[in-house]
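Have a look at the structure below, then the notes.
Atoms within a ligand are numbered from 1 in the order they appear, just like the ligands themselves.
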Amino acid sequence: MSHNTRQRRLAAQRACDRILSGSRPATMRERLADLAAGGDLDGQPDFYGDGPVTTLEERVAELLGTEAAVFFPTGTMAQQVALRYGAERSGHPTVALHPLGHLEVHERHAYANLSGLRSTWPTTEPRNPTAAEIGALAEPVGSVVIELPLRDAGFVLPTWDELAAASAAAHSIGARLHLDGARLWESTPYLAHTLSEIADLADSTYVSFYKTIGGLSGAALAGTEQLASYARVWRHRYGGQVFQQWPAALSALAGLDRELPRIPEYVRHARTVAAALAALPGALVYPEPPHTQRFRLWLPYPAQALDDAALALAEDEKVWFAAGWQETDVPGMAMTEITVADPALDWTIEDVAEIGARFLSRVQDR
Ligand SMILES: Cc1ncc(COP(=O)(O)O)c(C=O)c1O
């Protein structure tokens, strides 16, 4: 998408009175005002990771019930460190990944190119690996990675029993279980267990501060004190020892306070919105019901026509439906990811049906 198209889309979404998918994009001034909610702006900024960054690390360790947590500027860096720790501890440079996982698809294979690791795939099915698939791996692995939820498969989660069995299977083959928990925050209602019960199944857990809870950027790697001390050394070596990161830390602290208590409501309402969208003519929704506050929606039109109609609806009627449509392997069907958050909570089934029909009539007019 060109810079101009993106700016136009953001401006249109910002000006909308009602938003179905996603949140109202904030300006930089609004984001600055928001920081005060994360801590005392009159205090000292951090110096290479103390102050508000330490407060955030302690908060995450407490939430996940781990001995420690270490702040990272990106999840990409945090996961490199977790996986190389697994490789060094076990002596096995192979990592069990999913071919649709973030590490394989969206990080330019940093785990291989930067960290010298290689991958093996327990499964190519569009879900996380089962205990049987982990147990059947043909070579020893240092870590097994499970992405909660697996985004590129439609934000799908295993059940709690499947996750617990996968954890036991990883341990039984002498591997560590690492959770890519970029969106772990929104996985608790479906798993019906707390963040700390989930993290307790794993040897290391990564969480993101800008997904779900709406921080500026950043991530944490949580686990034992020994992992944390290793992570601080390797964070420095990877270039992640940033002089000051207080804006990211304060926005994450504010996001945890504001968003964590609301997630069950978002996930519940996502089920209502998904059912209403699935009833639109020609629509497909997956998974239905959604496992988190996000899911995939397909409609039988070209992606460009859907994006154009979403923008026109926003600019003419101040209603944001859903954009970011992509062509798919299913002939004639385009897909987008729907995120149900605060702005969608007042959308009833009737609203989705009525505005959905208006949106589709604009698509058909193109
Ligand atoms: C599932 C998953 N893992 C890891 C990452 C990496 O996070 P970061 O952008 O902080 O490197 C992302 C980011 O989109 C993600 O969605």
Worksheet entry | N-O pairing of Arg59 and Asp257 below 4.0 Å |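 Between Asp257 and Arg59 there is a salt bridge, with a charged N closer than 4.0 Å to a carboxylate O.
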
Worksheet item: Between Arg232 and Glu57, is the closest basic N to carboxylate O distance under 4.0 Å?
Response: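 Salt bridge present between Glu57 and Arg232.
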
Worksheet entry | Heavy-atom nearest neighbour of atom 16 (O) of ligand 1 within options Arg151, Arg183, Gln79 |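 Looking at heavy atoms only, Arg183 sits closest to atom 16 (O) of ligand 1.
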
Fill in: Winner among Phe209, Tyr206, Tyr210, Phe155 once heavy atoms are compared against atom 4 (C) of ligand 1
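The nearest heavy atom belongs to Tyr206.
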
Fill in: Donor + acceptor pair across side chains of Asp152, His106 (<3.5 Å)
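The criterion, which ignores hydrogens and geometry beyond distance, is satisfied for His106 and Asp152.
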
Worksheet entry | Pair Glu147, His98: side-chain N/O donor-acceptor within cut-off below 3.5 Å |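 Absent: no donor and acceptor within the cut-off.
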
Distance to 0.1 Å, residue and atom name: give those for the protein heavy atom nearest to [atom].
| atom | answer |
| --- | --- |
| atom 11 (O) of ligand 1 | Thr76 OG1, 2.6 Å |
| atom 10 (O) of ligand 1 | Gly75 N, 2.8 Å |
| atom 3 (N) of ligand 1 | Asp180 OD2, 2.8 Å |
| atom 15 (C) of ligand 1 | His102 CD2, 3.1 Å |

Discussion item. As an exercise, identify every atom of ligand 1 less than 4.0 angstrom from a heavy atom of Glu147.
Written reply: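 Numbered from 1, ligand 1 contributes 1 (C).
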
Fill in: Interfacing atoms of ligand 1 (cut-off 4.0 Å, heavy-atom, Ala182)
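Near Ala182, the atoms of ligand 1 are 1 (C), 2 (C), 3 (N), 15 (C).
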
Between [X] and [Y], how do the two ring planes meet: parallel, tilted or perpendicular, split at 30° and 60°?
| X | Y | answer |
| --- | --- | --- |
| Trp347 | Phe321 | tilted |
| His109 | Tyr111 | perpendicular |
| Tyr48 | Phe243 | perpendicular |

Worksheet entry | Contact partition for Lys211 relative to ligand 1, non-hydrogen atoms under 4.0 Å |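 It is the side chain that touches ligand 1; the backbone stays farther off.
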
